[in-house]
Amino acid sequence: MSLGTIINVFSILIGAGIGVALGHRLPENISRTLTDALGLVVLVIGGLNLIALTDSSFVAEVGSAGTLLVVLASLVVGSVLGSMLKIEQRLSHFGTWLQLKASRGGDKEKFIEGFVNASLLFTIGPMAVLGALQDGLGQGFDVLALKSSLDGLTSVAFAAALGWGVAFAAIPVGIWQGLLTLLAASAGTLMSDALVASITATGGVLLLGTGLRVLQIRMVSVADMLPALVLAPLITWGVASFI
């Protein structure tokens, strides 16, 4: 695990600890308002990431109309694969198992909600991907350091409303970013700007889904769509090869 990812993991743990300590002192309406505010911010971040659809290198590879088609194809195929693999269900079951191991009491639903939503938010954003790739390429961990500060602050607000489940989001963050760092160290030179842009745009759509979950507008099965992040660069490369 890289130094940047280690810092990120500890920032989540520390932020969650502070949030839990504050949570017992916050009225329910304030906790709910904090969660709503975070949900709105996640929607904004997701929308901003969609700007990657107009990235010049991405457009040059697949065409102006092709960028959206790449993201759509990635999401469709990724959703089918994720549903077949039952990623959302397995993540929820893992959250249940963690809750049983970590605490005999408390609100089970809140624990799982905190774990799943925080895991999705902290792992599918472009900073997780770009930061881990840069770290693996030996370009420093500035991006992950910034992400760590943001994740720490977000963990405080999330944990204040949803409890200790948020802290356990550090597990998938460590695994995901660690794997990306290893990938970059071994084959990072193959990741062109266009491929990174395809991941960013696809991640933007997933973040919009996460925002809807946090706001409890609709429990979008974002976890089942996660394979789209892996498929996006592959589909981009495939389309570019035929153009």
Side-chain angles (χ1 to χ4, degrees), residues 1-26 31 34-46 48-49 91 94-95 98-99 101-103 110-185 199-200 203-204 206-207 210-211 213-214 222-223 226 229:
M1 190 184 295
S2 69
L3 179 58
T5 297
I6 291 174
I7 293 173
N8 201 169
V9 166
F10 275 100
S11 72
I12 293 171
L13 294 175
I14 294 171
I18 295 173
V20 170
L22 293 174
H24 298 296
R25 297 175 174 82
L26 292 178
S31 295
L34 283 174
T35 305
D36 288 344
L38 284 171
L40 292 173
V41 171
V42 173
L43 288 177
V44 171
I45 295 173
L48 290 174
N49 289 343
L91 191 60
F94 183 52
L98 285 176
Q99 196 270 343
K101 292 294 182 180
S103 174
K110 273 194 172 183
F111 185 99
I112 296 173
E113 182 184 351
F115 169 69
V116 173
N117 286 345
S119 296
L120 292 172
L121 177 59
F122 296 154
T123 57
I124 65 178
M127 294 183 76
V129 177
L130 298 176
L133 291 178
Q134 286 185 4
D135 203 1
L137 290 171
Q139 298 176 357
F141 55 89
D142 294 349
V143 174
L144 285 184
L146 176 59
K147 178 179 183 292
S148 297
S149 62
L150 295 174
D151 288 356
L153 291 172
T154 304
S155 295
V156 173
F158 257 33
L162 300 174
W164 277 113
V166 176
F168 288 91
I171 297 174
V173 168
I175 295 173
W176 172 240
Q177 291 181 185
L179 289 175
L180 286 177
T181 301
L182 290 175
L183 175 63
I199 296 174
T200 301
L206 298 186
L207 282 173
T210 303
R213 289 177 63 103
V214 174
V222 178
L226 288 176
L229 292 174

Q: Using the benzene-type ring in the case of Trp, are the ring centres of Phe168 and Phe94 under 6.0 Å apart?
A: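 Centroid distance Phe168-Phe94: not below 6.0 Å, so no.
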Q: On a heavy-atom basis, which atom in Thr210 and which in Asn117 lie closest, and how many Å separate them?
A: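 Where Thr210 meets Asn117 most closely, the heavy atoms are CG2-O, 4.2 Å.
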Q: Considering non-hydrogen atoms only, spot the tightest contact between Ala16 and Ser155 and give its length.
A: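 Distance-wise, the nearest heavy atoms are N-CB, 3.6 Å.
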Q: What's the spacing between Leu43 CG and Leu48 CG if we round to 0.5 Å?
A: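 Here the interatomic distance stands at 11.0 Å.
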Q: Of the non-hydrogen atoms in Leu180 and Ala132, which two are nearest, and what is the gap between them?
A: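 So the two residues come closest at CB-CB, 3.6 Å.
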Q: Which atom pair, heavy atoms only, marks the closest approach of Asp135 to Thr5?
A: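 Scanning both residues, the minimum pair turns out to be OD2-N, 4.4 Å.
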Q: Show the numbers, then the answer: is there a side-chain contact (heavy atoms from CB on, under 4.5 Å) between Val116 and Leu120?
A: CA-CA 6 Å; Val116 173; Leu120 292 172; 4.0 Å; yes
Q: With side-chain contact (heavy atoms from CB on, under 4.5 Å) as the test, would you mind laying out the steps for Leu226 and Leu229 before giving the verdict?
A: CA-CA 6 Å; Leu226 288 176; Leu229 292 174; 4.2 Å; yes
Q: Roughly how far, to the nearest 0.5 Å, is the CG atom of Leu153 from the CD1 atom of Ile12?
A: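 The CD1 atom of Ile12 sits 12.0 Å away from the CG atom of Leu153.
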Q: For residues Ser148 and Ser11, report the shortest heavy-atom separation together with the two atoms involved.
A: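 It is O-OG, 3.0 Å.
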Q: For Phe158, what residues pass the ring-ring contact (aromatic ring centres under 6.0 Å, His included) criterion, not counting sequence neighbours?
A: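 ring-ring contact (aromatic ring centres under 6.0 Å, His included) check on Phe158 returns nothing, list empty.
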Q: Starting at CD of Gln177, measure out to CG of Leu144 and round the result to the nearest 0.5 Å.
A: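 Answer rounded to 0.5 Å: 5.0 Å.
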Q: Check Leu207 against Val42 and note the closest heavy-atom contact, atom names and distance.
A: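 Here Leu207 and Val42 meet closest at O-CG1, 3.2 Å.
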Q: Rounded to the nearest 0.5 Å, what's the gap from CG on Asn8 to CG on Leu13? Could you check?
A: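 With rounding to 0.5 Å, CG (Asn8) is 10.0 Å from CG (Leu13).
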Q: When you measure from the side chain of Lys147 to the backbone N and O of Phe122, does any donor-acceptor pair fall under 3.5 Å?
A: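 Yes.
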Q: Rounded to the nearest 0.5 Å, what separation is found between the OG1 atom of Thr123 and the CD1 atom of Ile171?
A: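 Between atom OG1 of Thr123 and atom CD1 of Ile171 there are 13.0 Å.
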Q: Going through the distances and angles, do Leu91 and Phe115 end up as a side-chain contact (heavy atoms from CB on, under 4.5 Å)?
A: CA-CA 9 Å; Leu91 191 60; Phe115 169 69; 3.7 Å; yes
